[in-house]
K.L.:
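Quick one: this structure, given as structure tokens, is what I'll be asking you about.
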Amino acid sequence: AQSVTQLDSHVSVSEGTPVLLRCNYSSSYSPSLFWYVQHPNKGLQLLLKYTSAATLVKGINGFEAEFKKSETSFHLTKPSAHMSDAAEYFCVVSSSTGGGNKLTFGTGTQLKVEL
Amino acid sequence: KAGVTQTPRYLIKTRGQQVTLSCSPISGHRSVSWYQQTPGQGLQFLFEYFSETQRNKGNFPGRFSGRQFSNSRSEMNVSTLELGDSALYLCASSIQTGTGVSNYGYTFGSGTRLTVV
């Protein structure tokens, strides 16, 4: 079964400093991985996706993630945090089961950005 | 291009009642999925529909059901509501047509917040 583990439930950074949100995955085959962001009382927005092309994936709002097979990791980074980045971030793996498709979400990382 | 539209945004229901939630996917998207989000259990997969057929179902009781219409709009129904059904219900659509692993990602709606009292 596919799964993802987000290693930090809360991360706090100062505005202008780098952001690192950690995610490890478990998959029996080459996975499709995603990062989604959820702002308070909003739905989920796709930040970026990895689908076995380039291992360094660039997303929206300056975020990027690197797929490392040897470490089974897909960490999300941003060089400089902005106040508007404060939100909950989910690492997600896609799997195909029973003829259909589903997403399995990590438990989320709450990012706090301080002045 | 309009996004995924979910109605209503908020609902308050009494235990034992039933509820129907609606989702209109992005035009051209035929795959629609539903997820339940709660503080305790996080985001959990309910079911996926494609071309009016349920292709996949999560581990939820039979009180949770859904359907998809020929225009790809989808509804989910919860019967005999329990307090634990209080959650944010999210609908997502995808341009994915095949049954393999999704390479396209899903676009989510803003959700319906259901409160059961």
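No hydrogens, no waters, no symmetry mates; every other heavy atom, side chains included, goes into these values. Quick note on labels: first sequence line is chain A, next is B, and so on, each numbered from 1.
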K.L.:
Let me confirm one number: the CG-OH distance from L103(A) to Y35(B), rounded to the nearest 0.5 Å.
P.N.:
3.5 Å

K.L.:
Could you please spell out the steps behind the side-chain contact (heavy atoms from CB on, under 4.5 Å) verdict for V92(A) and L43(B)?
P.N.:
CA-CA 10 Å; V92(A) 183; L43(B) 279 145; over 6 Å; no

K.L.:
Just how far is it from atom NZ of K102(A) to atom CD of Q44(B), taken to the nearest 0.5 Å?
P.N.:
9.5 Å

K.L.:
Enumerate the salt bridge (charged side-chain N to carboxylate O under 4.0 Å, His left out) contacts for residues 7-20 of chain B, please, sequence neighbours excluded, ordered by first and then second residue.
P.N.:
none

K.L.:
Is V113(A) reachable from I60(A) through a run of hydrophobic residues whose side-chain heavy atoms are each under 4.5 Å from the next?
P.N.:
yes

K.L.:
Are L7(A) and Y25(A) connected into the same hydrophobic cluster when the rule is that any two of I, L, V, M, F, W, Y join if their side-chain heavy atoms are below 4.5 Å apart?
P.N.:
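Each belongs to a different hydrophobic cluster.
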
K.L.:
For chain A, find which of Q54(B), Q37(B), R113(B) contributes the most heavy-atom pairs closer than 4.5 angstrom.
P.N.:
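Going by pairs under 4.5 Å, I would pick Q37(B).
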
K.L.:
Is there a path of hydrophobic side-chain contacts, each under 4.5 Å between heavy atoms, that joins L46(B) and L81(B)?
P.N.:
yes

K.L.:
For Y106(B) and N101(A), which heavy atoms make the closest approach, and how far apart are they?
P.N.:
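That closest heavy-atom pairing would be OH-OD1, 3.3 Å.
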
K.L.:
Let me know if Q45(A) has heavy atoms under 4.5 Å from chain B in its side chain, its backbone, both or neither.
P.N.:
neither

K.L.:
In the single-linkage hydrophobic clustering (I, L, V, M, F, W, Y; side-chain heavy atoms under 4.5 Å), do L111(A) and L46(A) co-cluster?
P.N.:
no

K.L.:
Can you tell which part of Y50(A) gets under 4.5 Å to a heavy atom of chain B, answering side chain, backbone, both or neither?
P.N.:
neither

K.L.:
Applying a strict under-4.5 Å side-chain criterion to I, L, V, M, F, W and Y, I'd like to know whether F64(B) and L21(B) cluster together.
P.N.:
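Yes: a chain of side-chain contacts under 4.5 Å links F64(B) to L21(B).
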
